[in-house]
Every structure is written in structure tokens, then in C-alpha cells.
Novice: 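Got a structure here, written out as C-alpha cells. Questions coming.
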Amino acid sequence: MKLFKYIETSNPTIAAVDVGTSKVCTLIGKIRSNGIEILGIGLSASSGIKKGKVVDVEKASHSIKESLLNSLSVAKEEPNFLYTGIAGDYVTSRNAENEILLGKVSREVYEKDIEKVIEGTRAQIASDGQAVIHVIPQEFSLDDQRGIAHPRKLVGTRLKVNAHVVTAEENHLHNLVECFQSVGYEVYRTVFQPYASALAVLTSGEQEAGTVLIDIGGGTTDIAVFYNDSIYYSNILPVGGELITSDLAIGLRTSRDEAERLKLQYGSVYSKYVPDDEMIEVKDISMKSLRSVKRKFACEIIEARVKEMILMIRREIRASGMSTVLRGGIVLTGGSSLLGGLNEFASSLLNMPVRIGFPESKNYLGQVQVISSPIFSTSCGLLQLALTEGQERKTDHRFSEGSSGKIHGMVNKLKDFFMMG
């Protein structure tokens with residue numbers, strides 16, 4: 001089958017696919033008048049993806065297909081649109097600004113003026129080999145008045161925008177899209193993963209107050225600083241849960257699969273609280289024999305790697321220049337955020353309140369309990385974005401000021417003119 005870039009339908013069905021280093025997570029959701037009905041869920045082990053990049057199209061395509069088929073077998077309904085998230089060191093971001101002259105005499109700001117000033121920001125950043133994924137306005141200025149969220153219908157002579165611009169290397173973006181096309185699907189929209197995750201787990205108060213969203217996946221750790229309902233800083237670190245698993249496999253002289261099992265079952269970042277005499281059974285590298293190992297030793301390996309990751313995150317927060325406005329603290333999400341004691345450990349090193357972010361259930365119908373896990377944060381965020389875009393298409397066929405609910409601020413500020421297909 002093929003999915004087309006735009007299909008007019010009152011209750012579209014959405015495929016939200018999170019392609020990660022360790023897993024591919026697919027949610028099939030149907031847009032209803034009162035929220036999103038979860039029709040199907042598909043999880044598959046990821047292959048052919050390394051630190052967010054496709055390194056083997058055939059293997060990655062197989063993983064994506066398996067996840068999609070698993071979800072569709074339950075949903076029993078084909079999607080109208082497919083959204084997917086992107087992250088990896090081929091994705092970069094920066095802040096930019098642009099100004100346009102409205103006229104020598106003050107006049108009202110129209111929607112076309114807003115689009116023009118934003119498009120000018122995009123043009124400044126665009127370069128060969130780079131695709132602009134998002135232009136997310138942080139604030140507008142009209143003449144000498146700053147801090148304007150929505151300038152339409154205000155009066156002035158000069159309109160300026162400060163925006164956060166996310167770009168991706170076209171070659172790597174093409175490789176990801178090719179994986180979907182090779183199994184018969186077209187990507188309707190690519191979305192910056194930490195932006196999607198934030199839509200699912202941050203409250204409106206956190207978006208406004210100043211909060212760091214940290215999505216710890218298998219191959220990458222995605223960082224985004226939110227303030228005044230927009231992104232002011234973001235970066236992708238090439239570290240994640242897979243590094244912890246690799247350290248365990250080496251330290252315990254076992255397979256990666258066994259190390260992953262031990263991490264999930266016995267892992268903790270507080271080795272000092274583990275009794276000295278507590279033992280765990282570890283399969284050797286051949287998976288044929290068992291030996292006993294101190295659990296404390298395994299947790300010391302985990303703690304050392306996690307501490308290194310948290311210190312990297314601390315450097316990123318300082319580099320953002322936003323440390324003084326982070327009243328909302330830090331929200332951890334992603335599969336690796338479930339590691340025992342991680343939020344308390346991170347809070348002690350970062351000297352900020354830290355909580356684990358779960359997708360909020362108030363916008364969902366159907367299989368709500370199943371998706372209430374940080375594992376599904378990106379996929380849920382993709383569905384949230386699809387919901388809001390669908391509402392806005394009904395009124396204006398473009399982004400407008402009419403969205404409501406917890407994602408009101410950020411989605412209203414997102415101006416995304418880039419379509420894949």
C-alpha cells in the first residue's frame with residue numbers, strides 16, 4: 001500500500017513510528033472528537049540503526065515492517081498518515097532571527113507577514129545537504145515591543161521573529177524515509193524526537209516555566225530546554241542505554257542480551273545500597289552455563305556509566321545558557337529512564353528536581369494503560385501532534401491560533417513547512 005501526503009478525512013487514522021537504536025515502537029491511533037483512540041501497538045527489536053542513524057537499510061526496513069505489522073494486526077485498520085521521529089548526530093539545531101519591514105506607516109500584521117518572516121529565517125539556515133525540519137518561533141517583536149506570542153492583528157512597522165531551527169542531513173534523512181518506502185509506506189511528517197516526547201510528557205506549566213526534557217533512548221540521549229512554550233536549546237548526545245548494556249556485557253563477560261536482561265531485572269544506579277552478599281546468576285557468553293556474581297559489582301558498572309552520562313547532560317544544560325530560568329526542573333523519559341533510582345541520582349548530581357515523564361492519558365482512549373510508559377513517549381507525542389494538526393486543518397488547512405489543551409503553546413508556535421514524500 002501507499003500513504004499519500006494529504007488525505008481529507010474527518011477521523012484519520014495515524015501511524016506513529018518511533019525508530020530507535022534498540023526498538024521500533026508503533027502506535028496506530030484514530031483521531032476522535034474527544035481525543036485519540038489507540039487501536040494497535042507494535043514493538044519490535046531494532047536492527048540496522050546505530051545512534052539514531054540507519055546503517056543498514058534492509059535490516060532497518062525489516063524492523064520497521066515487523067513493528068508496523070504487529071500494530072496493524074491488532075488495529076485492523078490502515079493508517080491515512082504516517083509520522084516518524086528523528087534523532088541522531090545528523091540532526092542539529094540553532095537559534096536564529098529574522099526581521100521584515102511592514103511599511104513606513106504602521107499597519108496591521110497579517111498571517112502572510114508571519115509566514116514571510118518565518119520563511120526568511122528558514123532561508124537563512126537552509127544550505128546544501130541540509131533539510132530544515134522545523135522552524136519553531138520563540139517570540140515575536142513588533143517595533144520595540146518584545147515577547148509577543150501571536151502578533152496577528154497587532155499594529156506596527158517592523159516584525160521580527162526569534163526561532164529555534166532544527167535541520168537534518170538530507171542523506172541520512174533520505175535513508176530513514178527509504179526504509180519506510182521499501183516496505184510500502186510514505187512518511188507524511190518527520191518530527192524532532194525530543195519535541196514529540198515533550199508533547200506527550202510535559203505539562204503546560206512546565207513548558208512555560210522552564211524545563212529540561214531528557215529523552216534517554218538506546219543509542220542517543222535527546223535534550224531540549226523549554227521556556228515560554230517553545231524550545232530554546234536542544235542537542236542530541238550519542239550515548240544511551242545501549243552503552244550501559246555494553247559495559248555490563250564486558251564487565252560480566254556475558255552476551256549483550258543477557259546483560260540487557262540483568263540491567264532491567266537487577267540494575268540500580270545506587271550501588272552503595274546493594275547488600276555486599278547479594279548474588280545474581282549470570283549466563284556466560286555461550287549462554288550454556290551459569291555463574292554467580294555480586295549484584296553490587298553489576299550496579300557499580302551501571303552507576304559509573306550513568307554518572308558519566310548525567311555529567312554530560314549537566315554540561316549541556318550549562319551550555320544552553322538557560323540554567324537560571326529552569327523553574328520546572330528536569331523531566332526524564334524514554335526507555336532507559338526506568339533504570340532503578342535514576343531520577344534521585346540525577347537530581348543529586350544536577351541539583352534540580354527530577355521526575356520521570358509518562359505520557360498523560362487524558363487525551364487517549366482505548367488501550368490507555370498499555371501506553372502509560374516512558375517507552376511510548378515519542379510515539380504518543382507524534383499522535384498528539386497529529387491530533388492538533390488535524391484540528392487545525394479543519395479550520396484553516398495550516399497552523400493557526402485555535403488549538404487547545406496541554407499542547408496549546410508549543411504547537412501554536414511550531415511552523416513546519418517541510419513535508420517529506
Novice: Regarding T26 and S67, do their side chains bring together a donor and an acceptor under 3.5 Å, going by distance alone?
Specialist: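 Note: T26 and S67 side chains meet the donor-acceptor criterion.
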Novice: Taking S373 for the side chain and F376 for the main chain, is one N or O donor matched with an acceptor at less than 3.5 Å?
Specialist: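 Looks like no, no N/O pair under 3.5 Å.
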Novice: Under 4.5 Å between any side-chain heavy atoms of E178 and V54, yes or no?
Specialist: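 Heavy-atom side-chain distance check fails, nothing below 4.5 Å.
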Novice: Is the CG atom of D284 crowded by more than 12 outside heavy atoms at less than 6.0 Å?
Specialist: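 Yes, CG of D284 has more than 12 neighbouring heavy atoms, counting only those of other groups under 6.0 Å.
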Novice: So if I apply the side-chain contact (heavy atoms from CB on, under 4.5 Å) rule between I41 and each of I371, N70, I28, V74, which one comes out positive?
Specialist: I371
Novice: Between Y185 and F180, is the gap from one ring center to the other below 6.0 Å?
Specialist: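 When the ring centroids of Y185 and F180 are compared, they turn out to be at least 6.0 Å apart.
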Novice: Is it true that D222 and T220 share a donor-acceptor pair across their side chains at a distance under 3.5 Å?
Specialist: yes
Novice: We want to know whether E97 and T121 form a side-chain donor-acceptor pair, criterion being a heavy-atom distance below 3.5 angstrom.
Specialist: no
Novice: Considering non-hydrogen atoms only, spot the tightest contact between G267 and I302 and give its length.
Specialist: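 Taking G267 first and I302 second, the nearest heavy atoms are CA-CD1, 3.5 Å.
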Novice: Do the side-chain N and O atoms of E389 and Y83 include a donor-acceptor pair separated by under 3.5 angstrom?
Specialist: yes
Novice: Sub-3.5 Å donor-acceptor pair from the side chain of K23 to the main-chain atoms of G20, do we have one?
Specialist: no
Novice: Give a yes or no on this: more than 12 heavy atoms of other residues, nucleotides or ligands lie within 6.0 Å of atom CD of E281.
Specialist: yes
Novice: Could you tell me the separation between the CD1 atom of I136 and the OG atom of S93, rounded to the nearest 0.5 Å?
Specialist: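 If we round to the nearest 0.5 Å, I136:CD1 and S93:OG are 9.0 Å apart.
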Novice: Compare all side-chain heavy atoms of R94 with those of I125 and state whether any distance is below 4.5 angstrom.
Specialist: yes
Novice: Quick check: do L72 and P79 have side-chain heavy atoms less than 4.5 Å from each other?
Specialist: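 A side-chain contact under 4.5 Å exists here.
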Novice: Should V212 and L326 be marked as a side chain to side chain contact (heavy atoms under 4.5 Å, CB included) after you check the CA-CA gap, both sets of side-chain angles, and the distance that decides it?
Specialist: CA-CA 7 Å; V212 185; L326 299 178; 3.5 Å; yes
Novice: Could you tell me how the ring of Y90 sits relative to the ring of H172: parallel (under 30°), tilted (30 to 60°) or perpendicular (over 60°)?
Specialist: tilted
Novice: Could you tell me the separation between the CG atom of D247 and the CD atom of E308, rounded to the nearest 0.5 Å?
Specialist: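 Separation between the atoms: 8.0 Å.
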Novice: Closer than 4.0 angstrom, basic N to acidic O: yes or no for D56 and K50?
Specialist: no
Novice: Would the distance check show the side chain of T388 and the main-chain N or O of L385 forming a donor-acceptor pair, the cut-off being under 3.5 Å?
Specialist: no
Novice: Side chains of S47 and H62: donor-acceptor distance under 3.5 Å anywhere?
Specialist: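 H62 and S47 do not have a side-chain donor-acceptor pair below 3.5 Å.
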Novice: Taking G240's backbone N and O only, do any of them form a donor-acceptor pair with S336's side chain (distance below 3.5 Å, no angle check)?
Specialist: no
Novice: If you measure only the distance, is there a donor-acceptor pair under 3.5 Å linking the side chains of T84 and T190?
Specialist: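 Looking only at side-chain atoms, T190 and T84 do not form any donor-acceptor pair under 3.5 Å.
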Novice: For residues I86 and L176, determine if any side-chain heavy atom of one lies less than 4.5 Å from a side-chain heavy atom of the other.
Specialist: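 Side chain of I86 against side chain of L176, heavy atoms only: contact under 4.5 Å found.
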Novice: Using a 4.5 Å cut-off on heavy atoms from C-beta on, say whether the side chain of L213 contacts that of L332.
Specialist: no
Novice: Check whether any side-chain heavy atom of H134 lies under 4.5 Å from a side-chain heavy atom of V165, and answer yes or no.
Specialist: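 Not in contact.
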Novice: Kindly compute the distance separating NZ (K160) from OG (S141), expressed to the nearest 0.5 Å.
Specialist: 6.0 Å
Novice: Please report the shortest heavy-atom distance between I64 and C179, naming the atom on each side.
Specialist: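 Heavy-atom minimum between the residues: CD1-CB, 3.7 Å.
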Novice: Is there a side chain to side chain contact (heavy atoms under 4.5 Å, CB included) between N343 and F345 once you walk through the steps?
Specialist: CA-CA 5 Å; N343 55 330; F345 188 75; over 6 Å; no
Novice: Under a 4.0 Å N-O cut-off, is there an ion pair linking K294 with D277?
Specialist: no
Novice: Under 4.0 Å between a side-chain nitrogen and a carboxylate oxygen: does that hold for R295 and E278?
Specialist: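 Judged by the 4.0 Å cut-off on N to carboxylate O distance, R295 and E278 do form a salt bridge.
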Novice: Is R256 salt-bridged to E242, cutoff N-O under 4.0 Å?
Specialist: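 Salt bridge between R256 and E242, a charged N being under 4.0 Å from a carboxylate O: yes.
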Novice: Report the distance from atom CZ of F192 to atom OG1 of T378, rounding to the nearest 0.5 Å.
Specialist: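 It comes to 10.5 Å.
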Novice: Checking E119 against R122 for the salt bridge (charged side-chain N to carboxylate O under 4.0 Å, His left out) test, could you report, in this order, the C-alpha distance in whole Å, the side-chain angles of both residues, the deciding distance, and whether it holds?
Specialist: CA-CA 5 Å; E119 191 61 32; R122 174 189 295 274; 3.5 Å; yes
Novice: Is the closest side-chain heavy-atom distance between I317 and M352 below 4.5 Å?
Specialist: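 Result yes, sub-4.5 Å side-chain heavy-atom pair found.
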Novice: With K51, which residues qualify under salt bridge (Lys or Arg N to Asp or Glu O under 4.0 Å), at least two apart?
Specialist: none
Novice: Does a side-chain heavy-atom distance below 4.5 Å link T211 with Y227?
Specialist: no
Novice: For the residue pair E186 and Q181, confirm or rule out a side-chain donor-acceptor distance under 3.5 Å.
Specialist: yes
Novice: For the OG atom of S246 and the NZ atom of K263, what is their distance to the nearest 0.5 Å?
Specialist: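 Those atoms lie 10.5 Å apart.
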Novice: Is there a donor-acceptor pair under 3.5 Å between the side chain of S61 and the backbone N or O of V57?
Specialist: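 Yes, S61 side chain to V57 backbone: donor-acceptor pair under 3.5 Å.
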Novice: With a 3.5 Å cut-off and no angle check, do the side chains of E260 and T245 form a donor-acceptor pair?
Specialist: yes
Novice: Decide yes or no on side chain to side chain contact (heavy atoms under 4.5 Å, CB included) for T167 and V91, but give the supporting numbers first.
Specialist: CA-CA 6 Å; T167 62; V91 182; over 6 Å; no
Novice: Looking only at side chains, do S46 and S63 share a donor and an acceptor under 3.5 Å apart?
Specialist: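 Not at all, the side chains of S46 and S63 share no donor-acceptor pair under 3.5 Å.
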Novice: Where the side chain of S234 meets the backbone of I223, is there a donor-acceptor pair that is under 3.5 Å apart?
Specialist: no
Novice: Does one side chain, of N235 or E316, offer a donor that lies under 3.5 Å from an acceptor on the other?
Specialist: yes
Novice: Answer yes or no: is there a donor N or O on one side and an acceptor on the other, between the side chain of K296 and the main chain of D276, under 3.5 Å?
Specialist: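 No, because the side chain of K296 does not come within donor-acceptor range (under 3.5 Å) of the backbone of D276.
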Novice: Should the pair E206-R355 be classified as a salt bridge under the 4.0 Å nitrogen-to-oxygen rule?
Specialist: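 Looking at R355 together with E206, the answer is yes, because their closest N to O distance falls below 4.0 Å.
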Novice: Check step by step if side chain to side chain donor-acceptor pair (under 3.5 Å) holds for H164 and S230.
Specialist: CA-CA 8 Å; H164 192 70; S230 191; over 6 Å; no
Novice: For the pair Y266 (side chain) and I280 (backbone), establish whether a donor and an acceptor sit closer than 3.5 Å, ignoring hydrogens and angles.
Specialist: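 No; zero donor-acceptor contacts below 3.5 Å.
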Novice: Keeping the roles fixed (side chain from T221, backbone from V239), state whether a donor-acceptor pair exists under 3.5 Å.
Specialist: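 Checking the backbone N and O of V239 against the side chain of T221, a donor-acceptor pair under 3.5 Å is found.
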Novice: Taking NZ, NE, NH1 and NH2 as the nitrogens, is one of them in K116 or E111 under 4.0 Å from a carboxylate oxygen of the other?
Specialist: no
Novice: Between E139 and N228, is any side-chain donor less than 3.5 angstrom from a side-chain acceptor?
Specialist: no
Novice: Step through it carefully: locate the ring centre of F226, locate the ring centre of Y232, and say whether they are under 6.0 Å apart.
Specialist: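 Judged by ring-centre distance (under 6.0 Å), F226 and Y232 do not meet the cut-off.
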Novice: Output yes when a side-chain donor or acceptor of E169 lies under 3.5 Å from a complementary backbone atom of Q130, and no otherwise.
Specialist: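 Not a single qualifying donor-acceptor pair exists.
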Novice: Side chains of K30 and T13: do they bring a donor and an acceptor to under 3.5 Å?
Specialist: yes
Novice: Who are the side chain to side chain donor-acceptor pair (under 3.5 Å) partners of S268, not counting sequence neighbours?
Specialist: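 With sequence neighbours excluded, S268 shows a side chain to side chain donor-acceptor pair (under 3.5 Å) to no residue whatsoever.
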Novice: Any luck finding a side-chain donor-acceptor pair between D215 and T333 under 3.5 Å?
Specialist: no
Novice: Could you grab the distance from atom NZ of K53 to atom OG1 of T21, nearest 0.5 Å is fine?
Specialist: 11.5 Å
Novice: Among I310, L248, I244, exactly one meets side-chain contact (heavy atoms from CB on, under 4.5 Å) together with R305. Which residue is that?
Specialist: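 Of all the options given, the one that passes is I244.
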